[in-house]
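Predicted model, so just to flag it, every value in this text is computed and none were measured.
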Amino acid sequence: MQEKKIKSLRKEIDSIDDQLLELINQRTSIVDKLGILKKDSNSIVDKKREAEVISRLLNLHKGSFSRDSIVRIWREIFHTSANIQLKKNNILHSKRGVDSIKLYKGGVSKIQGIEKIIKLSSNESPFPPSEKVQEAYQRISDKLSRYPELTAESLQKAIANKHALKSDQIICGTGSDEVLIFTILTFCSPGDEVIHAQHGFEMYPILAKYAGAESVLASEIDYKINIDSIINSINDSTKIIFIANPNNPTGTYLNHIELRLLMSKVPSNIVVVIDTAYAEFADADDYDKTFSLADEYSNVLITRTFSKAYSLAGLRLGWGYASKLLINMIKKLRPPFNLPPGAIAAGIAALNDESHLKKVVSHNSSIKSWFIDELNNLGFKAYNTQANFVFVIIPDNKNQNASLINDHLLSKGIAVRYLLSYGLKNALRITLGTKEELNKTIEILKEFIRNND
């Protein structure tokens with residue numbers, strides 16, 4: 001009797017599926033006519049129209065079918081419709097979102113005609129790796145014919161010992177970026193949504209598009225991410241929230257009270273990534289350097305890197321810590337042997353060299369207030385920072401703006417980060433290099449201002 005009833009219900013579903021297919025074919029025919037009418041291909045993809053349709057359908061939806069699935073299905077229908085209108089069906093093309101990725105360019109590392117530059121554009125350490133790290137890296141040269149550790153287990157254990165964490169809740173990656181990639185691919189499908197700051201790390205919207213997901217921008221208050229905006233942006237389609245803390249490129253941060261307030265409002269089925277690439281430099285009393293949120297909440301991932309305070313940017317080494325539930329999901333996407341033996345050895349040596357870390361962090365703490373004051377004395381607006389860089393707003397006038405100042409610095413062999421790609425045409429980000437490098441930068445800025453008054 002039960003088997004008979006199942007067959008009967010399946011027949012009903014088959015009939016409905018046939019009707020759905022016929023409706024899709026009818027819709028496609030109309031879409032094709034629209035494509036003929038639209039002469040300008042730039043107007044094919046109408047995000048406003050997509051949002052209006054999805055909102056209307058969600059208001060009409062009364063069934064038990066999940067609302068986020070409704071959103072994903074209709075975003076896929078819109079994407080397919082655009083392909084039809086652009087006649088792409090028989091042409092090689094990428095999946096949803098990839099076409100619109102703006103390649104990450106990073107900070108300027110070469111200046112044509114100038115052999116030796118002062119590079120203050122990529123937030124690297126002004127000091128080379130410690131001697132212990134260099135020695136450890138060199139010792140692995142005779143092991144290069146063999147695969148490294150399958151999961152970088154020895155590095156995981158060293159990290160756990162350093163921070164009093166559980167090693168099986170740590171994942172290592174080729175830079176913390178790779179850990180973020182694992183996370184986005186684990187939890188996001190095409191049409192899902194990822195929330196991040198309006199002026200957060202430039203890779204976040206790119207990562208979202210890796211999975212075909214949509215970026216939702218949280219607003220800021222004086223360049224600090226607004227918690228209320230994050231909370232108000234959450235819906236059934238939200239899968240991940242990215243928070244750079246301290247934030248790149250602004251150097252602002254959420255304190256421990258603000259983070260806990262946020263977590264109290266975020267549903268437990270949404271992953272919150274707290275990207276703490278600059279945590280070692282943070283010296284504010286209310287900045288949370290611990291990993292307690294990942295212990296308290298099963299949906300929190302905290303990431304760190306060896307690129308900044310440990311002077312290992314060239315090795316691309318990062319890691320993340322989360323609950324066993326969360327980390328085991330992410331680990332399924334990690335490829336075997338993803339870290340080379342030199343990176344593993346260097347990372348372990350760096351963790352064991354407290355003196356080098358202290359040297360880098362102490363230099364940063366001692367120099368940042370002086371540099372910020374110098375910039376403000378020039379008439380700029382330099383923000384306090386919890387990182388190894390300073391965010392600077394340049395007053396925009398006829399003879400002076402961020403673009404002109406950036407060009408002038410480049411002409412003198414100094415590379416800083418002009419933040420136009422972040423939508424900040426009047427801002428620069430300047431890495432806290434050596435005192436000599438920063439003194440020269442200030443002198444050149446003074447020269448520029450004198451010549452353009």
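Between Tyr253 and Tyr278, a ring centre-to-centre spacing not shorter than 6.0 Å is recorded. The aromatic ring centroids of Tyr310 and Trp319 lie 6.0 Å or more from each other.
Looking at residues two or more places apart in sequence or on another chain, you find no side chain to side chain donor-acceptor pair (under 3.5 Å) involving Asp18. When the side chain to side chain donor-acceptor pair (under 3.5 Å) test is applied to Ser307, the partners found at least two apart in sequence or on another chain are Thr305, Arg316. By the side chain to side chain donor-acceptor pair (under 3.5 Å) test, Thr186 pairs with no residue at all, sequence neighbours left out. Applying the salt bridge (Lys or Arg N to Asp or Glu O under 4.0 Å) criterion to Glu437, with sequence neighbours excluded, gives no partner residue. When the ring pair (Phe, Tyr, Trp, His ring centres under 6.0 Å) test is applied to Tyr418, no partner is found at least two apart in sequence or on another chain. Residues meeting the side chain to side chain donor-acceptor pair (under 3.5 Å) test with Asn245, sequence neighbours left out: none.
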Please list every donor-acceptor pair under 3.5 Å in which a side-chain atom of residues 130-140 meets a protein atom from a residue at least two apart or in another chain.
| residue | atom | partner | partner atom | Å |
| --- | --- | --- | --- | --- |
| Ser130 | OG | Val133 | N | 3.3 |
| Ser130 | OG | Asp353 | OD2 | 2.8 |
| Gln134 | NE2 | Pro129 | O | 2.8 |

Expected list for residues 160-168: side-chain donor-acceptor pairs under 3.5 angstrom, two or more places apart:
| residue | atom | partner | partner atom | Å |
| --- | --- | --- | --- | --- |
| Asn161 | ND2 | Lys157 | O | 3.2 |
| Lys162 | NZ | Glu354 | OE2 | 2.3 |
| Asp168 | OD2 | Lys324 | NZ | 3.1 |

Check: residues 421-429 side-chain donor-acceptor pairs under 3.5 Å, at least two apart:
| residue | atom | partner | partner atom | Å |
| --- | --- | --- | --- | --- |
| Ser421 | OG | Glu202 | OE1 | 3.3 |
| Ser421 | OG | Glu202 | OE2 | 3.1 |
| Tyr422 | OH | Glu202 | N | 3.2 |
| Arg429 | NE | Asn123 | OD1 | 3.4 |
| Arg429 | NH1 | Asn248 | OD1 | 2.8 |
| Arg429 | NH2 | Ser121 | O | 2.7 |

Which pairs of donor and acceptor atoms, one on a side chain in residues 256-269, lie under 3.5 Å apart (sequence neighbours left out)?
| residue | atom | partner | partner atom | Å |
| --- | --- | --- | --- | --- |
| Glu258 | OE1 | Lys224 | NZ | 3.1 |
| Glu258 | OE1 | Asn255 | N | 2.8 |
| Glu258 | OE2 | Lys224 | NZ | 2.9 |
| Arg260 | NH1 | His256 | O | 3.4 |
| Arg260 | NH1 | Asp288 | OD2 | 3.2 |
| Arg260 | NH2 | Asp288 | OD2 | 3.4 |
| Arg260 | NH2 | Ser292 | OG | 2.6 |
| Ser264 | OG | Leu261 | O | 2.6 |

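Between Asp177 and Phe201, the closest side-chain pair of non-hydrogen atoms falls below 4.5 Å. His79 is not listed as a side-chain neighbour of Glu50, based on a closest heavy-atom distance of 4.5 Å or more. Side-chain contact between Glu178 and Pro335 is present, with at least one heavy-atom pair separated by less than 4.5 Å.
The CG atom of Asp275 lies 12.5 Å from the NE2 atom of His196; values are rounded to the nearest 0.5 Å. Put simply, CG on Leu254 and CG on Asn226 are 9.5 Å apart, with the number rounded to the nearest 0.5 Å. Here the CD-CG distance, from Gln26 to Leu21, works out to 10.5 Å after rounding to the nearest 0.5 Å. Thr385 contributes atom OG1, which lies 10.0 Å from atom CZ of Phe281 (distance to the nearest 0.5 angstrom). Going from atom CZ of Phe187 over to atom CG of Leu326 covers 4.5 Å, rounded to the nearest 0.5 Å. Note that CG of Asp236 is 8.5 Å distant from CD1 of Ile270, once rounded to the nearest 0.5 Å.
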- request: Could you go through the side-chain hydrogen bond (donor to acceptor under 3.5 Å, both in side chains) check for Ser311 and Ser125 one step at a time?
  value: CA-CA 5 Å; Ser311 305; Ser125 170; 2.8 Å; yes
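Of the N and O atoms on the side chains of Ser219 and Ser229, at least one donor lies less than 3.5 Å from an acceptor on the other residue. Asn247 and Tyr223 form no side-chain donor-acceptor contact under 3.5 Å, judged by distance and modelled atom types alone.
Between the side chain of Asn364 and the backbone N or O of Val360, no donor-acceptor pair lies under 3.5 Å. Not a single donor-acceptor pair under 3.5 Å links the side chain of Ser362 to the backbone N or O of Lys359. When atom types are taken as modelled, the side chain of Glu193 and the backbone of Val216 share no donor-acceptor pair closer than 3.5 angstrom. Within the 3.5 Å criterion, the main-chain N or O of Leu58 finds a donor-acceptor partner in the side chain of Arg67. Side-chain N or O atoms of Asn235 include one that pairs as donor or acceptor with a backbone N or O of Thr238 at under 3.5 Å. At least one donor-acceptor pair under 3.5 Å links the side chain of Ser365 to the backbone N or O of Val361. Within the 3.5 Å criterion, the main-chain N or O of Thr431 finds no donor-acceptor partner in the side chain of Asn388.
Ring geometry, Phe391 versus Tyr383: the interplanar angle falls from 30° to 60°, so the pair is classed tilted.
Counted within 6.0 Å of CD on Glu153, heavy atoms from surrounding residues, nucleotides or ligands total 12 or fewer; the atom is thus considered open.
For residues 339-362, no residue pair satisfies the ring-ring contact (aromatic ring centres under 6.0 Å, His included) rule, not counting sequence neighbours. Listed by first and then second residue, the ring-ring contact (aromatic ring centres under 6.0 Å, His included) pairs involving residues 257-277 amount to none (not counting sequence neighbours).
When all heavy atoms of Thr303 and Ser176 are compared, the closest pair comes out as CB-CB, 4.3 Å. Ile111 and Ile414 make their closest contact through CD1-N, 4.0 Å (heavy atoms, listed as atom of the first residue, atom of the second, distance). Pairing each heavy atom of Cys188 with each of Ala213, the nearest pair is CB-CB, 4.2 Å. Listed here is the closest heavy atom pair of Leu317 and Gly347: CD2-CA, 3.6 Å. Of all non-hydrogen atoms in Glu220 and Ala197, the two that sit nearest each other are OE2-CB, 3.6 Å.
At least one test fails for Lys289 against the ring of Tyr287: distance under 6.0 Å to the centre or angle within 45° of the axis. Annotation: cation-pi pair Arg27/Phe78 present, NZ/CZ under 6.0 Å from the ring centroid and within 45° of its normal.
Among Ile184, Leu301, Ile225, the one residue that satisfies the side chain to side chain contact (heavy atoms under 4.5 Å, CB included) test with Phe242 is Ile184. Of the candidates Lys308, Arg304, Lys358, Arg304 is the only one forming a salt bridge (Lys or Arg N to Asp or Glu O under 4.0 Å) with Glu280.
One finds no salt bridge joining Arg10 and Asp14 here, because no Lys/Arg side-chain nitrogen approaches an Asp/Glu carboxylate oxygen to under 4.0 Å.
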